[in-house]
Participant: 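If you scroll down you'll find the structure; I have some questions about it.
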Amino acid sequence: MKTDFVAEYNHGLVEEEIQKNWNSTSKFSVKEDKSKKKFYCLSMFPYPSGRLHMGHVRNYTIGDVISRLKRMQGFNVLQPMGWDSFGLPAENAAIQNNVHPATWTNENIDYMRDQLKRLGFAYDWKRELSTCDSSYFRWEQWFFSKLYKNGLVEKKESEVNWDPVDKTVLANEQVIEGRGWRSGALVEKKKIPQWYVKITKYADELLNNLDKLDDWPESVKTMQRNWIGRSEGVLLKFNVHELEGFVEVFTTRPDTLLGVTFLALSPEHPIVEKIARDDNALSLKLKFWKKNDLRETDPNSLEKEGIKLDIKAIHPISGKEIEVWVANFVVSTYGTGAVMSVPAHDQRDWEFAKKYKLPIVEVIEPISPQFCDLEESAFEQKGILKNSGTLDGLSSDEASKQILKLLERSGLGEKKVQYKLRDWLISRQRFWGCPIPILYSKDGSIQIESEKNLPITLPIKEAISGRVKPLADYDEFKNISNADGTTSLRETDTFDTFFESSWYYARYCCFDSTEQMLDERVDYWLPVDVYIGGIEHAVLHLLYARFFNKVMRDEGLVVPDEPFKKLLTQGMVCKETYYRKVGSKIEYFSPEEVETEFDEKGAVFKAYLKKDKQPVVIGSIEKMSKSKKNGVDPEGLIKNYGADTVRLYTMFAAPPEQMLEWSDNAVEGSFRFLRNLWKLTSSVIGFEKLGQPLNYDDLNESQRDLRRKVHQTIKKVTDDYERRYKFNTAIAAIMELYNFTARFNIKNEKDKILFGEAVCTTLQLLHPVVPHITEALWLKLDIAKPIDDSWPVFDPSALTKDVVEIVLQVNGKKRSSIRTKVDLNNEEYEKIAKSDEKISKYIGDQEIKKIIIVPNKLINVVI
RNA sequence: GCCCGGGUGGCGGAAUUGGUAGACGCACCAGACUUAAAAUCUGGCGACCGAAUAGGUCGUGCCGGUUCGAUUCCGGCCCCGGGCACCA
């Protein structure tokens, strides 16, 4: 390094110089190398919203620490970055600011790319991708046509949220209190044909493979299991003479079949809709229920209601006639949209039966005598059959088998596995998305776009006038003239943006392939070794990506069954809030506007606004957000303290999976540490043998202590980074090493050498977290070998001790401690315990029952 | 309601296999330096009793258990965060 550094730590200068060096050598650019072990470290790519927030900084710092460690350990590390650049905010910004979504998006990408570079992440920038580029999404369109040909795609009618003013479908999140979030219009339920991908075909594999994901958090796996929601049961038919047909129901409790006293159909059930056509009263009631949508109301507070239908169903076993009801508590989208009601053994049915005075027949008795009063509630557990004819006395499980056999024989029932998971609705009526490559002929037939016509791009002429409309409004996009003189209509829906993010991890491996979606390079890099991102993607993105991977595997595009070997979900970044209540409204204040007072212990007990000196309420710790005014802009912090300080603090304040509470004071502390590190390292400049192997014979006690501390720290930090992913404790250990080294007295040449070794090791251990300052200092020390060339390895012989401190306990309570030689035998330990002054005082004249010895650690005398 | 997490000083957090609870950092307090302040350095810092830098008692959400010994294991309860939610 040519710059002569001043004695003070100048973060701006250091980071600029070091980054210039990285960029000019494309240091983190990688390619496949079969001679090296690969490591693929991926952080979830951002939506280019405008600027980075602290959540991004945390996410990407975690990834960078892991990547840099693995690089130092000799792995061939791939760490790419890109942009999830299709999506609604661009469309809204476009309409508000009269710019094209692409313009807005690309400006944001440029700004955020600079921010990422300023933070010094070791990305292979040549692989950068943006999902709104046709070079990316053309392969998505190509892959969609594969799915189409394989029957994994279908178009079907479903109910969606429709905004009548904006004339567009809204996602559930965009419906606020029943109104469109932008137009404010009352949202309608509408049935329109939509494209679906049959994720349910992979339900079993998606579920079963979760067991193989040993390095995924249990919570995420549980969430996916619940989302897939597999349950085994029986699908059975109740004949209905009036309809010359039957009602099908799904049950997980066939053992309760003889307790069925009525059927309950959902308000959207086809039979109900059919009857409602000639029944005004019923039709009105259905409309009323629709208005008070069950899905948006607390089920516990919603009163169960129903209407008896004028039809009867025949019990498949007893042959008795039972009533058929429409009931508002039956969900139309699960199972068959109809249930067999067993009021004695299902709480919901019980409540309904009580209200409408329907019969309650007990068919299951508790196994062990336990109090169960059907006047109070239903008995939902398994037990012993009664009132079930020949099945009486059987256990629930045995009875279930028998009933299934009976039903199968009569053709009225069969075994069935039911999932909560539904097929994935992928069409969106939006402009800023990837067009679905489908054509409709005049005769209404559907055709997939031929491969040679891909990519189907968005009409971008509008860039001039800015404002975008739904794709359906662009005639030149929609109307297609075919070679044979006929005309077709193009599909005007675009893909759900989760489509793009479901396969980007694979595309990074062969980012520049113009001929194929994926090529043989994916075999080298996949699967991703560590995937880092927010827990909010636990189900949606992570389930879709797993699904995509399996379909790509079945297409022969990738090899592994699962895309992400380890998943690391980082916690939110939070900060304290301050507010005042003005009437019913809450007004928030940013921490900078607020002054706080401490009590004598240092606890904050009073806060008031700087400008009017009046008190404000100290609120809870919340996720950083604009509305709570508690956000911290990374850019200002980088300017003031440098990227290294920001990186150090975000890693030090909390373990990655936990919530991180932001504290400006503590950031200052991290900066202080780096400044001190700069000073300490400066004192080593010009020392001999820096970064060289040393001779460790004939060390005195204090030299051995220093060396032991160095090697203990290497051991702990390696384990914390690599196995435990606990960067906070790794940094704490390095700080301890720093404190130890700084207090070390240099008295001779050998001291100097060991001191130098300690400082160099500190820099190496810290390098993944704060790469700029450590590399700058390393260069300043003029060590030939690059800092990131190797990872220090601990020397077990350095850890040995001659003397240890032993804790002396009486009845498990610490009473004394003593320094002894290591590895004494039991008699010696006992002797030590008995001869200790304090211990003998506690023993007095009492009898010693036993002595427990943990070698080199603890002696416990039990009296 | 169900399913996951979690509860440790003034605060963020540590204690990895049951073995010295509070590492590391922040805040706070005191001292040094300074005309003064900031910065920096040194020391203190769980609570209580105590003149104490002597000694002791209590202490990891609450109640109980196992153990020589429990923040850690078991049973019951309370609170907080997150997810799902009339899923038959």
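Here is the naming used below: chain letters follow the sequence lines, and residue numbers restart at 1 for every chain. Predicted model, so just to flag it, every value in this text is computed and none were measured.
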Participant: Got a sec, which residues hit side chain to side chain donor-acceptor pair (under 3.5 Å) with A/E232, two or more places apart in sequence or on another chain?
Facilitator: A/R230
Participant: Which residues pass the side chain to side chain donor-acceptor pair (under 3.5 Å) test with A/E736, not counting sequence neighbours?
Facilitator: A/K709
Participant: Apply the test side chain to side chain contact (heavy atoms under 4.5 Å, CB included) to residues A/E305 and A/F329: give CA-CA distance (whole Å), side-chain angles for both, the deciding distance (0.1 Å), then the verdict.
Facilitator: CA-CA 8 Å; A/E305 279 192 327; A/F329 70 88; over 6 Å; no
Participant: Would you mind writing out the side-chain donor-acceptor pairs for residues 856-863 of chain A within the sub-3.5 Å range, not counting sequence neighbours?
Facilitator:
residue: A/N856; atom: OD1; partner: A/D823; partner atom: N; Å: 2.8
residue: A/N856; atom: OD1; partner: A/Y829; partner atom: OH; Å: 3.2
residue: A/N856; atom: ND2; partner: A/D823; partner atom: OD1; Å: 2.9
residue: A/N860; atom: OD1; partner: A/N811; partner atom: N; Å: 3.3
residue: A/N860; atom: OD1; partner: A/G812; partner atom: N; Å: 2.9

Participant: If you restrict it to nitrogen or oxygen atoms, what contacts under 3.5 Å exist between nucleotides 38-44 of chain B and the protein, and what is each distance?
Facilitator:
residue: B/rU40; atom: OP1; partner: A/R675; partner atom: NH2; Å: 3.2

Participant: Considering only residues two or more places apart or on different chains, which pairs with a residue in residues 720-731 of chain A satisfy salt bridge (Lys or Arg N to Asp or Glu O under 4.0 Å)?
Facilitator: A/K70-A/E722, A/K716-A/D720, A/D719-A/R723, A/D720-A/R724
Participant: What does B/rG9 pair with, Watson-Crick or G-U, if both distances are under 3.5 Å?
Facilitator: none
Participant: Checking only heavy atoms, does the side chain of A/R253 share a donor-acceptor pair with the base of B/rA88 at less than 3.5 Å?
Facilitator: no
Participant: Quiz question: by atom type and distance under 3.5 Å, do the side chains of A/Y334 and A/S231 form a donor-acceptor pair?
Facilitator: yes
Participant: What nucleic acid atoms does A/Y842 come within less than 4.0 Å of, heavy atoms only: base, sugar-phosphate, or nothing?
Facilitator: sugar-phosphate
Participant: Please find the pair of heavy atoms, one from A/V573 and one from A/R58, that lie closest to each other, and give the distance.
Facilitator: CG2-CD, 3.9 Å
Participant: What protein N or O atoms touch nucleotides 78-84 of chain B N or O atoms at under 3.5 angstrom, if any, and at what distances?
Facilitator:
none

Participant: Sequence neighbours excluded, which residues qualify as side-chain contact (heavy atoms from CB on, under 4.5 Å) partners of A/F673?
Facilitator: A/L648, A/M735, A/Y738, A/L766
Participant: If only side-chain N and O atoms of A/S231 are considered, is one of them under 4.0 Å from the OP1 or OP2 phosphate oxygen of B/rA88?
Facilitator: yes
Participant: Would you tabulate the pairs of protein nitrogen or oxygen atoms and nucleotide nitrogen or oxygen atoms of nucleotides 12-16 of chain B closer than 3.5 angstrom?
Facilitator:
residue: B/rG12; atom: O2'; partner: A/A653; partner atom: O; Å: 2.8
residue: B/rG13; atom: OP1; partner: A/Q658; partner atom: OE1; Å: 3.2
residue: B/rG13; atom: O3'; partner: A/N728; partner atom: ND2; Å: 3.3
residue: B/rA14; atom: OP1; partner: A/N728; partner atom: ND2; Å: 3.2
residue: B/rA15; atom: OP1; partner: A/R724; partner atom: NH1; Å: 3.2
residue: B/rA15; atom: OP1; partner: A/R724; partner atom: NH2; Å: 3.0
residue: B/rU16; atom: O2; partner: A/R723; partner atom: NH2; Å: 2.7
residue: B/rU16; atom: O4; partner: A/K716; partner atom: NZ; Å: 2.3

Participant: Restricting to pairs with a member in residues 247-256 of chain A, which pass salt bridge (Lys or Arg N to Asp or Glu O under 4.0 Å), not counting sequence neighbours?
Facilitator: A/R253-A/D255
Participant: Between N or O atoms, less than 3.5 Å apart, protein on one side and nucleotides 65-72 of chain B on the other: list the pairs.
Facilitator:
residue: B/rC68; atom: OP1; partner: A/K850; partner atom: NZ; Å: 3.4
residue: B/rC68; atom: O2; partner: A/N860; partner atom: ND2; Å: 2.3

Participant: Base, sugar-phosphate alone, or nothing: which one does A/G229 contact when heavy atoms must sit under 4.0 Å apart?
Facilitator: nothing
Participant: Just call it for A/S341: base, sugar-phosphate, or nothing, with non-hydrogen atoms closer than 4.0 Å on any strand.
Facilitator: nothing
Participant: Who pairs with A/F744 by ring pair (Phe, Tyr, Trp, His ring centres under 6.0 Å), at least two apart in sequence or on another chain?
Facilitator: none
Participant: For B/rC77, which nucleotide is its Watson-Crick or G-U wobble mate, given both distances must be under 3.5 Å?
Facilitator: B/rG61
Participant: What does B/rA15 pair with, Watson-Crick or G-U, if both distances are under 3.5 Å?
Facilitator: none
Participant: Hunt down the Watson-Crick or G-U wobble partner of B/rU53, both distances under 3.5 Å, from any strand shown, or write none.
Facilitator: none
Participant: If we count only N and O atoms by modelled type, under 3.5 Å, do the side chains of A/E668 and A/Y641 hold a donor and an acceptor together?
Facilitator: yes
Participant: Just jot down the salt bridge (charged side-chain N to carboxylate O under 4.0 Å, His left out) partners of A/K354, sequence neighbours excluded, or say none.
Facilitator: A/E375
